[in-house]
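The structure's right below; bear with me while I get my questions together.
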There are 2 protein chains.
Amino acid sequence: MARERKIDMVILGLLNHEDLTGYDIKKRIDGAISFFWKGSFGNIYPALKDMENQGLITKRELAVGGRDKITYHITKSGKAALKDWLREEQVSNELKYETLLKLFFSGADSREVSLRNIEVFEEQIKKDLKLLKTYSETLEKAPDTEDHVYYSLTVSFGIETYEAYLKWCAKAKKMLGKRVMEIDETES
Amino acid sequence: MARERKIDMVILGLLNHEDLTGYDIKKRIDGAISFFWKGSFGNIYPALKDMENQGLITKRELAVGGRDKITYHITKSGKAALKDWLREEQVSNELKYETLLKLFFSGADSREVSLRNIEVFEEQIKKDLKLLKTYSETLEKAPDTEDHVYYSLTVSFGIETYEAYLKWCAKAKKMLGKRVMEIDETES
DNA sequence: CTCGCATATATCTATTTGATATATCTGTTT
DNA sequence: AAACAGATATATCAAATAGATATATGCGAG
């Protein structure tokens with residue numbers, strides 16, 4: 001990896017909206033963002049420390065009801081770093097789909113196993129698509145602000161691709177299922 | 001991460017077909033597989049060592065023309081491990097798209113910047129889609145074997161999703177472009 | 001014959017992942 | 001009011017991955 005810590009940009013992007021604790025940041029990432037990016041405490045907390053040292057964010061320790069709580073705030077330098085990143089043309093877009101990996105090597109086992117793997121994938125996608133559609137419906141009722149345009153575009157990206165996945169699932173099941181039938185016929 | 005090293009399964013899947021060197025494995029991963037999985041020397045070579053110790057693969061040192069070359073061969077135990085993995089229902093399917101991350105935080109900059117980011121994405125997808133279609137054409141001319149079915153399914157997955165991406169790009173550009181025009185009109 | 005590129009193995013650091021440790025706060029149940 | 005489950009909150013650890021680099025040989029073009 002090396003060179004550019006992407007979690008920094010996620011954090012800056014979130015703090016650009018509102019001050020947050022590390023825990024809050026994790027919750028935000030686990031929401032709508034999780035469809036295209038992930039984050040864990042294991043990289044959020046160290047990143048917050050580093051970024052504070054670099055002056056991209058500032059710390060505010062609060063004792064809310066006797067409980068420790070560290071809120072972070074984006075600085076001017078942090079906002080500049082966020083903009084610099086947005087304007088960088090080099091991006092990394094990667095798919096990491098174990099289902100496809102399994103399918104690619106499925107010659108090592110029976111068609112039933114491949115079909116089951118496609119079904120598992122299909123079930124997951126259907127569930128996620130349902131969730132995305134609730135996001136979409138909520139958006140339709142919300143006021144048409146500038147931020148909503150971008151949020152809405154990422155949601156529609158998810159919906160379009162997941163619908164394409166489902167179409168592919170149907171085709172794949174048909175292709176593998178047909179052969180299963182043909183073999184059945186030959187065997188009978 | 002911990003728990004299950006996925007690179008092991010990629011290696012077993014490849015070795016299930018033919019004996020390969022670490023370098024060969026890297027080349028295979030950088031081919032069609034790279035659309036849904038990645039691998040680096042930094043995890044391939046250590047994995048090969050570990051898996052040999054575990055008895056999943058065996059080493060064959062060859063001195064081809066005085067040059068060192070270590071070929072690996074899958075064992076019965078390795079084949080069993082590959083099957084076990086194929087039959088495991090729990091999978092991890094993740095998208096990691098920096099373009100969507102940028103779009104999500106695009107409220108921090110101008111519409112021109114967002115539009116440019118979508119264009120960069122679109123260009124990359126068009127290039128990749130072209131490559132996928134050459135894979136697809138090659139496949140059509142090839143004999144209709146069992147392994148080709150699975151390879152063909154992964155290729156068609158890529159084609160379908162990339163076409164959905166392009167449709168979304170057109171929609172997104174329209175949505176952002178329109179607003180740019182509206183602002184232009186207000187300003188003039 | 002030498003320059004550049006492909007082959008080949010290997011290692012290093014930075015980063016990410018996933019799990020876990022620790023402790024407090026809050027709401028519900030008995 | 002005690003007991004408990006679950007959410008909040010920070011933090012760290014080991015394992016895995018990414019990306020770069022080091023090193024050396026083979027091979028084909030000019």
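Just so it is clear: chains get the letters A, B, ... in the order the sequence lines come, proteins before strands, and each one is counted from 1. Side chains are part of it too, since the values below use all heavy atoms of this structure and drop only hydrogens, waters and symmetry mates.
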### Query
In whole angstrom, what separates I7(B)'s CD1 from dA15(D)'s P?
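Atom CD1 in I7(B) sits about 18 Å away from atom P in dA15(D).
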
### Query
Which part of the nucleic acid, if any, lies within reach of K26(B) when heavy atoms closer than 4.0 Å are counted: base, sugar-phosphate only, or nothing?
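Nothing, no nucleic acid heavy atom in range.
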
### Query
Are the side chain of W85(B) and the backbone of K6(B) linked by a donor-acceptor contact shorter than 3.5 Å?
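It does not hold such a pair.
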
### Message
Check the phosphate of dT12(D) against K49(A), side-chain N and O only, distance under 4.0 Å to OP1 or OP2. Yes or no?
### Response
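Answer is yes, contact under 4.0 Å.
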
### Task
May I ask you to say what S40(A) touches in the nucleic acid, namely base, sugar-phosphate or nothing, with a heavy-atom cut-off under 4.0 Å?
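Base contact.
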
### Query
Base, sugar-phosphate, or nothing for G22(A), non-hydrogen atoms under 4.0 angstrom?
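Sugar-phosphate contact only.
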
### Message
From CZ of F41(A) over to P of dA21(C), roughly how many Å is that when rounded to an integer?
### Response
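To the nearest whole Å, that distance equals 15 Å.
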
### Task
Taking only the side-chain nitrogens and oxygens of K27(A), find out if one of them lies under 4.0 Å from OP1 or OP2 of dT8(D).
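It does, given that an N or O in the side chain of K27(A) lies less than 4.0 Å from OP1 or OP2 of dT8(D).
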
### Task
Indicate yes or no: at least one non-hydrogen side-chain atom of D30(B) is less than 4.5 angstrom from one of K38(B).
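Not in contact.
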
### Message
Regarding D128(A) and Q124(A), do their side chains bring together a donor and an acceptor under 3.5 Å, going by distance alone?
### Response
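Yes - a donor-acceptor pair under 3.5 Å links their side chains.
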
### Query
Could you give the CG-to-C1' distance, from N43(B) to dA20(D), as a whole number of Å?
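Result: 14 Å.
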
#### Entry: Polar contact flag, side-chain donor to acceptor under 3.5 angstrom, Y72(B)-T21(B)
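The answer is no; no qualifying pair exists.
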
